[in-house]
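Data block below; observations after.
By convention here, the first residue in the shown sequence is residue 1. Order of listing sets the numbers, starting from 1, for every ligand and every atom in it.
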Amino acid sequence: QRRQSMDRAEERLVSMCEERARMLQEQFGVTVNHVHAIAILIATFNYEKSPPAIDPDTFATYTARTSFERPLLNGVAYAQRVFHHEREMFESQQGWIMNTMQREPAPPRDEYAPVIFSQDTVSYLARIDMMSGEEDQENILRARTTGKAVLTNPFRLLGSNHLGVVLTFAVYRPDLPADASVEQRVEATIGYLGGGFDVESLVENLLSKLAGNQDIVVNVYDVTNASEPMALYGPSILDEQVPLHVSMLDFGDPFRRHEMRCRYRQKP
Ligand code: WA2
């Protein structure tokens with residue numbers, strides 16, 4: 001009798017965890033796909049058209065109207081690749097000076113990634129050289145060599161200070177061949193499109209709508225380095241004795257591993 005109710009409790013934990021993991025992975029996937037589509041939109045409409053076919057207001061309007069397609073993202077922004085020798089010309093054409101994330105004028109470097117378009121929800125990214133942030137810079141470099149969606153380590157996002165991860169796609173000149181080498185990819189890179197997965201508030205909101213939410217504790221980790229899991233979502237765990245179910249998560253960056261760990265709030 002006792003044995004059977006234990007099995008049922010375990011089964012319920014497994015099914016609640018798997019349901020949540022599938023749902024989160026699904027919402028991640030649709031969000032990544034839509035950001036990918038905007039990257040192609042920019043490559044199509046903003047390359048070598050003079051005047052450019054997308055301006056900051058058009059980008060803000062389009063991204064606001066399509067935000068329902070990106071349910072877990074705090075917003076989307078486009079950073080243009082600017083080389084050092086182009087900086088003076090760029091800044092005088094834009095009529096502003098690029099800043100670092102610390103709100104200081106960007107110090108000289110080989111190249112920059114100033115945000116020229118942003119959704120209103122992340123308007124604080126405007127004019128920031130995204131290469132001035134460690135996590136964003138790593139993403140930019142990995143996005144352009146791979147041509148794939150890339151994610152950062154968990155960190156606290158600008159603006160909200162919520163725990164999350166940043167998604168980046170490189171935007172290439174449309175003449176990039178499908179079988180391009182790494183060198184060709186880097187050379188053909190014209191900018192970067194991305195945004196922050198606000199895991200702390202948007203995943204909370206997602207999970208809070210599910211039945212049985214009061215009964216379990218959910219954590220999400222980046223386990224790319226299996227011996228050093230990095231917390232991405234959920235309360236810190238004190239009681240390690242409670243039975244646990246682990247569901248795999250695939251957020252679409254093959255370089256990273258994520259998992260969801262679920263347990264009952266109290267022993268069943
Ligand atoms: N987006 C939102 N919040 C952030 C953030 C970010 N990056 N970085 C820190 N907090 C413009 O990789 C290009 C968006 C990065 C794209």
Could you tell me the residue and atom name of the protein heavy atom closest to [atom], and the distance to it rounded to 0.1 Å?
| atom | value |
| --- | --- |
| atom 10 (N) of ligand 1 | Leu158 N, 3.0 Å |
| atom 12 (O) of ligand 1 | Thr168 OG1, 2.8 Å |
| atom 6 (C) of ligand 1 | Val166 CG2, 3.7 Å |
| atom 13 (C) of ligand 1 | Tyr192 CB, 3.8 Å |

May I ask whether Gly195 has any heavy atom positioned less than 4.0 angstrom from an atom of ligand 1?
yes
Within this structure, what is the CZ-CG distance for the pair Arg12 and Asp215, rounded to the nearest 0.5 Å?
4.5 Å
Going only through I, L, V, M, F, W and Y residues with side-chain contacts under 4.5 Å, is there a path from Val165 to Leu249?
yes
Under 4.0 Å from a heavy atom of [X]: which atoms of ligand 1 are those, numbered in the order shown and with their elements?
| X | value |
| --- | --- |
| Gly196 | 1 (N), 2 (C) |
| Gly194 | 14 (C), 16 (C) |
| Leu157 | 10 (N) |
| Phe155 | 9 (C) |

Taking the ring centre of each residue, are Phe197 and Phe28 less than 6.0 Å apart?
yes
Is ligand 1 under 4.0 Å from a heavy atom in the side chain of [X], in the backbone, in both, or in neither?
| X | value |
| --- | --- |
| Met130 | side chain |
| Asp136 | side chain |
| Asn139 | neither |

Return a yes/no value for [X]: is any of its N or O atoms, backbone included, closer than 3.5 angstrom to an N or O of ligand 1?
| X | answer |
| --- | --- |
| Ala77 | no |
| Tyr124 | no |
| Tyr78 | no |

Sort out for me which residue in Arg142, Arg144, Arg256 forms a side-chain contact (heavy atoms from CB on, under 4.5 Å) with Val150.
Arg142
Determine which pairs satisfy disulfide bond (SG atoms under 2.5 Å apart) with at least one residue from residues 6-37, sequence neighbours left out, and list them in order.
Cys17-Cys262
Among Asn74, Val35, Val165, Val150, whose heavy atom sits nearest atom 3 (N) of ligand 1?
Asn74
Within 45° cone and under 6.0 Å: Arg81 NZ/CZ vs Tyr112 ring:
no
Could you tell me whether Arg109 and Glu111 make a salt bridge, using a distance below 4.0 angstrom between a side-chain N and a carboxylate O?
no
